[in-house]
2 protein chains.
Amino acid sequence: MALRHAVLAALLEGELSGYQLAKAFDAGVANFWHARPQQLYAELKRLESQGLVTGREIVQHNRPNKRLFTVSPAGVEELRSFTRSASGPSAVRDDLLVKVQACDHVETGALLEELGERAELARTKVELFESLLAAMRGERSEEEHLARAERVGPYLTCLRGRAFEQGNQQWCERVMGVLRARQEGRGDG
Amino acid sequence: MALRHAVLAALLEGELSGYQLAKAFDAGVANFWHARPQQLYAELKRLESQGLVTGREIVQHNRPNKRLFTVSPAGVEELRSFTRSASGPSAVRDDLLVKVQACDHVETGALLEELGERAELARTKVELFESLLAAMRGERSEEEHLARAERVGPYLTCLRGRAFEQGNQQWCERVMGVLRARQEGRGDG
DNA sequence: TGCGACATGTAACACGTTACATGATTGA
DNA sequence: TCAATCATGTAACGTGTTACATGTCGCA
């Protein structure tokens with residue numbers, strides 16, 4: 001049960017509704033985990049029933065009411081014991097890597113297209129992370145911010161997200177280059 | 001059902017037994033997917049029943065008999081249509097990132113230890129990928145290999161694996177540096 | 001008049017993990 | 001003799017995904 005801790009960690013940043021949380025986890029701002037809305041609503045319910053988060057109802061007139069959640073002291077304690085426990089193995093799963101692994105046995109047309117899209121997406125995410133980082137550090141330099149700011153967790157995970165997406169972009173472009181060159185090469189040989 | 005394609009892609013490299021496949025997927029040589037042995041045995045059975053792989057029994061005298069699997073023409077066709085279809089979203093999930101996200105609210109002792117272990121593990125993996133790459137390209141330079149070799153898929157995914165682990169290592173070390181500096185800083189302030 | 005954002009869920013199903021089961025050989 | 005490696009699975013359980021359900025508001 002690891003989503004539970006991801007949700008707690010996300011809520012440390014401030015009160016959020018299930019919907020807001022879902023956007024962060026689904027759209028991929030959550031560079032440290034990923035989950036669908038339904039899963040989050042279910043998890044929030046469970047966390048609340050266990051007293052790890054507390055929800056308060058916000059009555060709205062124009063929109064449906066919503067519930068904002070905060071991490072309770074028991075929730076923070078749960079995160080502490082999670083941090084002390086050993087980490088499960090990290091998992092990466094990506095269809096594109098599977099496709100590239102098999103690229104010598106299939107036509108590369110569709111693959112090249114997807115690589116292009118993925119590179120583009122990665123570039124967009126790098127920019128997003130860049131601006132998030134800039135907003136977090138404000139006037140300060142990165143070094144100063146990381147030395148003096150009260151909270152640095154989100155900044156640090158954001159750094160990982162940026163590096164990951166930069167790596168993604170570079171790799172996609174490299175693979176595209178190789179596959180294109182080989183396509184042309186076949187014409188000559 | 002995506003593991004199915006990861007298995008097919010892995011088997012393109014040559015005949016493997018369930019056990020050999022399991023080592024690749026479990027120990028993490030399979031930089032493009034991850035799976036437990038039980039899952040692989042089950043998947044191989046299903047793939048065989050659908051005619052996408054063919055197994056042949058190897059009778060051994062010193063050890064238990066084993067079955068070696070090859071991708072059938074139907075299996076290659078399955079990979080082709082998989083490549084033409086849209087990729088599902090890529091997922092990263094890592095307990096360490098969750099812990100770092102929450103690091104401002106917990107004691108960092110255990111976290112620093114895990115970051116150190118992870119950095120070490122990443123370094124080992126980088127070296128492993130490095131030697132796999134060297135073995136694949138042999139005498140040739142990377143450029144030459146990628147331009148002329150018959151198969152480049154495994155080389156390309158290996159490049160991604162190496163870059164990923166390098167990023168991992170650098171990030172872990174960066175985070176350790178920041179957290180240590182802040183620990184000391186607290187003593188002064 | 002229809003679409004997208006807001007807001008929250010249930011139910012069925014697919015997928016992945018953990019625990020358990022078996023049994024021979026090789027090396028410390 | 002103890003552990004590790006080879007070699008293959010079953011069963012129960014937990015987690016994640018897909019499809020479905022509901023209803024308002026604001027904009028084009």
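A note on names: the letters A, B, ... follow the listed sequences, proteins ahead of strands, and every chain is numbered from 1. Quick caveat: nothing in here was measured; it's all calculated off a predicted structure.
A:Leu111 and B:Leu146 fall within a single hydrophobic cluster, where Ile, Leu, Val, Met, Phe, Trp and Tyr are joined by side-chain heavy atoms under 4.5 Å apart, directly or via other members.
The side chain of B:Asn62 lies closest to C:dT25, out of C:dT8, D:dA7, C:dT25. Picking from D:dT17, D:dG16, C:dG23 the nucleotide with the shortest atom distance to the side chain of A:Leu3 gives D:dG16. When distances run from any side-chain atom of B:Tyr19 to the nucleotides C:dG16, C:dC6, D:dC6, the shortest one goes to D:dC6.
Residue-to-nucleotide proximity on DNA chain D shows that, of B:Ala91 and B:Gly18, the 5′-proximal contact is made by B:Gly18. Both B:Phe69 and B:Arg93 sit near DNA chain D, but only B:Phe69 has its closest nucleotide nearer the 5' end.
Put simply, CZ on B:Arg63 is 7 Å from C1' on C:dT26, counting in whole angstrom units. Rounded to whole Å, the distance from CD on A:Glu57 to C1' on C:dT8 is 11 Å. If you measure from atom CD of A:Gln60 to atom P of C:dA5, you get 17 Å, rounded to the nearest angstrom. One can place CG of B:Leu16 at 16 Å from C1' of D:dT8, the figure rounded to the nearest angstrom. D:dG14 atom C1' lies 13 Å from atom CZ of A:Arg4, rounded to whole Å.
Taking the charged nitrogens against the carboxylate oxygens, B:Arg123 and B:Glu127 do have a contact shorter than 4.0 Å, which makes a salt bridge.
Within residues 37-50 of chain B, the residues approached by DNA chain C to less than 4.0 Å at the level of any non-hydrogen atom are B:Gln38, B:Gln39, in residue-number order.
Using a 30° and 60° split on the angle between ring planes, A:Phe25 and A:Phe32 fall in the perpendicular class, above 60°.
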